[in-house]
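Encoded as C-alpha cells, the structure appears first; notes follow it.
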Amino acid sequence: MTSQAETLEFQTEARQLLQLVIHSIYSNKDTFLRELVSNASDALDKLKLAAFQDKDLGVDTDDLHISLETDAEARTLTVRDNGIGMTRDEVIGLIGTIAKSGTAEFIRELKANKDAAGDTDLIGQFGIGFYSSFMVADKVTIVTRHAGTDEGVRWESTGESTYTIEEVADAPQGTAVTLHLKPANEEEHLFDYTDSAKLTQIVKRYSDFITWPVRLGEDTINSRKALWARPQSEVSTEEYAEFYKHVAHDWTDPLETIRLQAEGTFEYQALLFIPSRAPMDLFMRDGKRGVQLYVKRVFIMDDCEALVPEYLRFIKGVVDAQDLSLNVSREILQQDRQIQLMRRRLVKKVLSSIKALDAEKYKTFWAEFGRAVKEGLLQDVDNREAILEISSFESTASAEDLTTLKQYVERMTEGQEHIYFMTGDNRSTIENSPHLEAFKAKGYEVLILTDPVDEMWVEAVGQFDGKQLQSIAKGEVDLSTEEEKSEAAQRETDFAELLTWLGSALNDQVKAVRLSTRLTTSPACIVGDSFDLSPQLEKMYRAMGQPLPDIKRVLELNPTHPLVAKLHESFGAGADKAGLAETAELIYGMALLAEGGELVDPARFTKLLSEKLTAAL
Ligand code: ADP
C-alpha cells in the first residue's frame, strides 16, 4: 500500500542552512560524496552492531556494502547502503531538522561572514553533512527502510522550504540517496558526478579507509585499509586528515595526529587527533567525547567516555582493542582494569604530544582548548604536573603573550619567593585593582587569571616547582624592606586606636581593619584571609544556589594616602564620630568598587557621597 505524499516544512534553522548551501560558492563541492559515503558507512556500522546485539533482528549482514549508481542520461547519482536505515520519524527528525547544538550561532556567523567577505568559506569550516548534497543537486530523493521494520519511506526535496514524505511498500533495507545533479559547470567547481573516473578519484581521495566496500559497478574502489593498522610511514598526511574528517564530522584539517601502538598481552592501536578548533558544544553539559571504540576492526561505540577523561573531551579518533569481547558494554568498560591502563597510557600520550607541539600550533591549541584542559588540574591529580607544564596564562609581564609557569619562575626577581596571581572577571579590572599596586612598584610579575575554572585549580594545586601559588588579594602580603618594616611598625602603633574604632564602626561589613603594605596610590582595598572564598568564587557558588554564610573580609588602609592620613588626624583631634563613620563607610564602598565588586546599598552610598561633596564645596 502506498499512501499519499505529505508535504512538511523544514525547521527554521534547517531552512536557513539549506539556503546558504544552495547559494554557496564553496569551491570544494566534491566533498558532498565524502559526507554521503561517511553516513552510509556509519549506517553499516550501526547495523552490524545491532545484528550482533539482537539475534532476532532478522537481517542479512553477509554483504554489507555501499554502492554508487549513475545514470548519465537522467543525470542522477545514487549512493546506496544496506545499513540500518531510518524510520519515518527518524527521517523527519534527522533530516528535516538540525539537532546539533550551536547551529543557530553557526548560521549567524555564516551570514555575517557572507555579507562581509563574500567568498570566505565558512561552510568548509563547519561541515554540513547530508545537506552538502544540495551543493551539487537541485533535487534529492531518499528511499530508506529501517532494519527490522516493513515500512519504507520516500523523502524528496529541492532544498527550498519544504519536503515531501510518503510510505513506500517495496523499499530495500538501508538507504538510497539519489541526487538529481545540477548541470556540470567547471567554473563553479561542479563536475560530472556521473563520470566513473571522477567518482573513483573522489572516493580514493576522501574515503579510501572506509572499512566497508564502496562499489562502482563490479569494482570495489576503496582499499578499505584501516589507517590505524597500517605502518605510519605508509600513510600520508592527507589520508590522516580525511580520516579525521570522517570520525570527527569536521571539515577542517586536524591540528595534530597522534598514534599509539601497544603490543603484548593487551594489544591495541590508537589513532587520535587534536582538532584545530573547538566544537561549539565544548562547554555544554551534554557535550560528547570524541573517541570511538573498535574491537578487532569492528565498530563498537561512539563517544567512549571510558577511554578519555572529561577534560580531554575534544580529542577525536579511534581506539581498536584486540582482546575485548565484541559485546562489551559501557558499564564493563568503566570497571575493566585493562581499559583503565589503556586510558592512562592514552592520556600520557596526548599530554606529551601537546607538549611537543611547535609554538604556533601550541598557541592555537591553547586558545581553543586551554579552558577545558585546566579542568584536568582538578580532575586528574596523577597528571597534574604534566598538565601544569602544558598550561599557559595571561600575566602582567606581557599584554600579548601568555606565559607558562616555568617561564614565570625563570623571570622571578631576586628575593621573590612565591608565584603571585590574581583572579577576577577580566584583565582590566585586575590590572587596575588596588591589590596590584605594590607588586607593580616592586616589579613583581602577577598572573592574571580570568576563567571561572582558575578559581578552583589554584586552590587545589597550591604550588609549582616548589614555589607556592599566592593570591595577591588574600592573606597578609609583605613586600617591605627591613627599613620599611620598622616604619610600618611605628605606624601600627600610631594607628592602633583608629583601627580598633573603625573595626567596630564597620563591624557589619568587615571582620577587621588593618594597615596595608600592598597599596601605593589607592586609599584602601579589601582582602580575604588565605582560606576565604574569593569574591568571584562566592558569586559563582551563590549563582549555583549554594547556601553560604555571609563572608566578611578585611579592609586594608593605605596610611600614606592623604584621605587616610586626614581621617587619622581628625580622629586624633576628637572629631564627630558619626561623620567619621560615614567617611569610613565610603572608603569601604570605594574599595569594593575598585575590585569590580557590587555595593550592598548603592542608594545609601550615593546619598552619603553627595552629602560629603556638598559639604566640601
Ligand atoms: P551527521 O552525519 O553529521 O550527524 P547528517 O546531516 O549528515 O549529519 O546526518 C544526520 C543524521 O541522519 C545522521 O546522524 C544519521 O543518524 C542519519 N543518516 C544520514 N544518512 C544516513 C544513512 N545513509 N543511513 C542511516 N541514517 C542516516
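For ligands, and for the atoms within them, numbers begin at 1 and follow the listed sequence. Keep in mind that what you see is a predicted model, and the values were worked out from it rather than measured.
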The option among Leu94, Leu17, Asn39, Leu44 carrying the non-hydrogen atom nearest to atom 19 (C) of ligand 1 is Asn39
Kindly indicate whether the side chain of Leu312, heavy atoms from C-beta on, has any atom under 4.5 Å from the side chain of Pro309.
yes
Heavy-atom pair of closest approach, residues Arg75 and Ala184
NH2-N, 3.8 Å
Looking only at distance, does Tyr131 have an N or O less than 3.5 Å from an N or O of ligand 1?
no
Side chain, backbone, both or neither: the part of Asp81 lying under 4.0 Å from ligand 1 by heavy atom
side chain
By number and element, which atoms of ligand 1 are closer than 4.0 Å to a non-hydrogen atom of Gly129?
7 (O)
Which of Tyr268, Tyr294, Trp228 passes side chain to side chain donor-acceptor pair (under 3.5 Å) with Asp320? Answer is Trp228
Note: ligand 1 atoms sitting under 4.0 Å from heavy atoms of His249 are 1 (P), 2 (O), 3 (O)
Distance under 6.0 Å and angle within 45° of ring axis: Arg313 vs Phe369:
no
Flag Phe130 as yes when one of its N or O atoms lies below 3.5 Å from any N or O atom of ligand 1, and as no otherwise.
yes
For residues 133-144, which side-chain donor-acceptor pairs fall under 3.5 Å, sequence neighbours excluded?
{"from": "Ser133", "atom 1": "OG", "to": "Phe130", "atom 2": "O", "distance (Å)": "2.6"}
{"from": "Thr141", "atom 1": "OG1", "to": "Glu156", "atom 2": "OE2", "distance (Å)": "2.7"}
{"from": "Thr141", "atom 1": "OG1", "to": "His180", "atom 2": "NE2", "distance (Å)": "3.0"}
{"from": "Thr144", "atom 1": "OG1", "to": "Met86", "atom 2": "N", "distance (Å)": "2.9"}
{"from": "Thr144", "atom 1": "OG1", "to": "Gly174", "atom 2": "O", "distance (Å)": "3.1"}
{"from": "Thr144", "atom 1": "OG1", "to": "Thr175", "atom 2": "OG1", "distance (Å)": "3.0"}

